[in-house]
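Just below is one structure, and these are the notes that go with it.
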Number of protein chains: 2
Amino acid sequence: MFFRKNVSPLPKPTKIRNIKELAELAGVSPGTVSRALSDSGLISAKTRERIKDLAAKHDFRPNAMARNLRIQKTGAIGVLIPLGHETGQHISDPFFITMLGLLADALTEQGYDLMLSRVIPSDTGWLDRIVDSGRVDGLIIIGQSDQSAVLDRVAARYRPMVVWGGHTPQQVHCSVGSDNFKGGDLAASHLIERGCKRIAFLGDPKALEIGQRLEGCRAAMARAGLSDGLTVFPAHLVAEAAQSDIAAFLGTGQHRPQGIVAASDVVAMSALRALSERGIVVPDDIRVIGYDDLALAELTVPRLSTIRQDLTKGAAALIDLLLRRIAGEDTPSLVMEPELIVRMST
Amino acid sequence: MFFRKNVSPLPKPTKIRNIKELAELAGVSPGTVSRALSDSGLISAKTRERIKDLAAKHDFRPNAMARNLRIQKTGAIGVLIPLGHETGQHISDPFFITMLGLLADALTEQGYDLMLSRVIPSDTGWLDRIVDSGRVDGLIIIGQSDQSAVLDRVAARYRPMVVWGGHTPQQVHCSVGSDNFKGGDLAASHLIERGCKRIAFLGDPKALEIGQRLEGCRAAMARAGLSDGLTVFPAHLVAEAAQSDIAAFLGTGQHRPQGIVAASDVVAMSALRALSERGIVVPDDIRVIGYDDLALAELTVPRLSTIRQDLTKGAAALIDLLLRRIAGEDTPSLVMEPELIVRMST
DNA sequence: CCTAGAATCGCAATCGATTGAATTTTTCGA
DNA sequence: TCGAAAAATTCAATCGATTGCGATTCTAGG
């Protein structure tokens with residue numbers, strides 16, 4: 001590890017620092033410049049063009065902070081990732097980047113900046129601090145984690161906030177997500193159809209969404225008269241940890257499950273590898289189904305069957321609802337249909 | 001897909017909107033409140049505590065925009081992901097989330113916000129616009145992509161900017177990254193040692209870093225007298241695309257390579273699956289080595305040998321250098337040693 | 001009890017852009 | 001050519017917090 005010098009930079013000609021300087025350079029008042037730059041109809045076309053050209057020539061752009069203060073808007077949307085149910089979790093989860101990428105694109109398109117924060121809720125006021133800081137015009141929260149209470153409390157006083165995750169009848173906050181209960185049901189039903197009688201659920205049900213997926217599995221098992229066949233293993237979402245946990249779990253010889261419902265594709269991937277290393281063949285010996293249908297699901301060996309959540313549609317909905325809330329509207333939550341994707345692992 | 005109503009929210013008691021209101025409520029001047037809240041020594045301990053308590057009781061936090069304007073700082077660092085060499089690329093690459101997570105943690109710890117932007121450089125002024133918008137105190141750019149010229153030009157006038165990626169002797173901008181040439185050399189040498197005489201390089205060398213890795217491979221091959229044994233296949237970083245490309249490439253029967261150097265772990269993953277589906281056994285038939293050593297590399301079947309870049313150290317260095325640049329220092333670039341990690345795929 | 005000097009606190013300018021109201025300039029019909 | 005309406009521009013207040021400087025209060029020594 002060593003340092004290398006960079007070629008040294010060049011100086012630069014004088015620059016316009018604010019709207020006032022640009023104004024006296026153009027021989028008009030600051031107000032006129034402001035209106036010209038913002039395409040106000042109150043300015044004659046010729047001076048507007050003149051000022052715009054001048055601004056372009058000096059590549060001047062009005063100060064965003066000053067504008068924000070006056071307008072009382074920041075032009076930024078906060079995207080929060082609460083890591084409550086899993087302290088010390090590093091988001092190695094590709095789910096986040098997929099969602100983040102979609103949000104970043106859509107927000108940029110709408111002219112908003114994206115402020116990213118990972119929050120590890122130490123106390124109950126973490127969300128209030130962010131809301132009251134006045135740094136964002138609205139908030140998108142990815143996953144309730146185990147913080148539903150906090151979300152509900154804040155949602156009661158702060159409108160421009162939308163949450164990706166599960167939906168419960170009594171919740172106050174506006175959410176977007178797939179029907180996790182139905183998704184879990186779909187997954188378990190699929191395994192049952194394939195002949196599985198003993199099924200393991202891998203995932204930590206403390207997170208709202210995952211708990212709902214588990215309930216869905218339970219319902220499917222009950223319907224099939226297999227209520228006793230479901231085992232829950234609260235595998236962590238962290239890939240490395242899940243790895244050894246799953247291996248240990250599957251070591252329980254004769255009661256080995258015939259099917260695995262993983263709480264996410266990443267957990268499923270961990271399971272696939274653990275199984276492969278123990279010489280257990282998927283899907284012949286054990287069938288595995290994931291959740292999310294990330295791009296990764298196509299890359300596993302064998303290709304992963306999974307429950308698809310349409311993240312593209314989800315991201316679009318999150319932003320649509322948020323913008324409407326910023327505009328003052330009171331929007332309902334959105335629950336999307338999950339879809340069973342059958343590939344090679346079941 | 002359907003909507004569900006949320007429970008309606010409650011009203012709230014009157015709230016302090018600014019420092020002035022808090023001041024008259026406390027019977028002091030706004031200036032005093034400001035000083036009290038910012039722990040200025042010019043205020044007596046008792047009034048300071050009194051005001052702080054009052055602020056806490058009304059959970060009042062001074063407006064960030066106003067503060068920013070006055071202080072001439074935003075408290076935010078921009079993180080940019082240029083997607084130049086690959087139009088339409090969706091960052092499904094776990095590399096980004098790994099880096100982003102590390103940066104988010106470290107920046108939060110330093111009291112900075114993180115503003116994320118994905119940029120698809122349409123013209124040559126994309127970076128100037130961001131710099132001049134005045135929305136951030138500094139910039140971290142992840143990967144030069146094919147935009148080195150733009151980076152150099154802007155670096156000449158804008159100091160608080162650090163780039164993750166490759167380093168060239170003539171570059172103007174400050175960069176942090178591993179020695180890609182040496183990394184490529186390491187990868188190819190390892191395969192050569194294992195007996196490979198025909199090696200394929202998978203990755204698009206238009207991106208600076210990847211081009212350097214390729215050069216490293218070339219050097220290793222030349223040293224071993226195998227200059228003719230290297231084939232380059234410009235596989236896209238996009239997982240799905242890489243998939244079919246790689247499969248097509250490996251269909252070229254008798255000249256099939258004995259080893260594959262993938263430009264990243266994600267590309268390597270694609271290769272592994274393509275091989276597996278064609279019944280080609282790794283490492284017996286073909287050896288595969290990746291680059292990055294992401295968490296994913298532990299989850300592939302078989303576990304992926306790879307060239308490790310210490311992203312934790314890298315992220316820390318990016319931020320350290322950036323903060324020093326913000327403070328006015330002129331920092332050199334940092335080149336870290338890559339490390340060969342041998343697992344099961346070679 | 002008086003006063004120098006330190007400890008607190010208030011006053012008012014400032015950051016840079018926006019915008020309603022006032023003012024000046026232009027336009028155009030009579 | 002005059003004057004009123006319309007168009008263009010200027011003026012000045014405002015957003016909310018920070019901070020140098022001046023004013024006031026307090027402390028303590030003589």
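Model, not experiment: these values are computed from the prediction. Here is the naming used below: chain letters follow the sequence lines, and residue numbers restart at 1 for every chain.
- Atom pair Ile19(B):CD1 and dC15(D):C1' shows a separation of 14 Å (rounding to whole Å applied).
- Protein atom CG of Asn68(B) is 15 Å distant from nucleotide atom P of dA17(C), rounded to whole Å.
- Rounded to whole angstrom, the span from the CD atom of Glu21(A) across to the C1' atom of dA17(C) amounts to 14 Å.
- Within the 4.0 Å cut-off from OP1 or OP2 of dT10(D), at least one side-chain nitrogen or oxygen of Thr32(A) is found.
- Along DNA chain C, the nucleotide nearest Asn63(A) and the nucleotide nearest Arg35(B) are compared for position; the residue whose nucleotide lies closer to the 5' end is Arg35(B).
- Using modelled atom types, one side-chain atom of Gln144(A) and one backbone atom of Gly166(A) make a donor-acceptor pair closer than 3.5 Å.
- Nucleic acid contact class of Val33(A) (heavy atoms, under 4.0 Å, all strands): none.
- Heavy atoms from other residues, nucleotides or ligands lying under 6.0 Å from NZ of Lys73(B) number 12 at most.
- Taking atom CZ on Arg70(B) and atom C1' on dC15(C), their separation rounds to 6 Å, with Å as the unit.
- Residue Gln72(A) has a polar side-chain atom (N or O) positioned under 4.0 Å from OP1 or OP2 of dG16(D).
- Contact annotation: Thr47(B) side-chain N/O to dT8(C) OP1/OP2 distance is not under 4.0 Å.
- Closest to the Leu69(B) side chain, of the nucleotides dG16(C), dT10(D), dA17(D), is dG16(C).
- A residue-by-residue look at Ser34(A) and Leu42(B) shows that Leu42(B) has its nearest nucleotide of DNA chain C further toward the 5' end.
- Across the protein-nucleic acid pair, Arg50(A) atom CZ and dA8(D) atom C1' stand 13 Å apart, rounded to whole Å.
- For the pair Ile326(B) and Pro160(B), the tightest heavy-atom approach, listed with the atom from each and the gap, is CG1-CB, 3.7 Å.
- Following rounding to the nearest Å, Ile51(A) (CD1) and dA17(C) (C1') show an atom-to-atom distance of 14 Å.
- Going from atom CZ of Arg17(A) over to atom C1' of dT14(C) covers 16 Å, rounded to whole Å.
- Put simply, CG on Asp39(B) is 13 Å from P on dT19(D), counting in whole angstrom units.
- In the interface, the side chain of Arg67(B) is not paired with the base of dT18(D) through any donor and acceptor atom under 3.5 Å apart.
- Counting heavy atoms from C-beta outward, Gln147(B) and Trp126(B) have side chains that approach closer than 4.5 Å.
- Of all heavy-atom pairs spanning Pro82(B) and Gly143(B), the tightest one is CG-O, 3.2 Å.
- No side-chain heavy atom of Arg67(B) sits less than 4.5 Å from a side-chain heavy atom of Pro62(B).
- For dT18(C), neither phosphate oxygen OP1 nor OP2 lies less than 4.0 angstrom from any side-chain nitrogen or oxygen of Ser38(A).
- You won't find any donor-acceptor pair under 3.5 Å spanning the side chain of Arg61(B) and the base of dG16(D), going by distance alone.
- The nucleotide whose nearest atom lies closest to any side-chain atom of Phe60(A) is, among dT18(C), dA17(C), dT18(D), dA17(C).
- Close to dT9(D), at under 4.0 Å from its OP1 or OP2, lies a side-chain N or O of Ser44(A).
- Sequence order on DNA chain D of the closest nucleotides to Leu37(B) and Gly31(A) puts Gly31(A) first from the 5' end.
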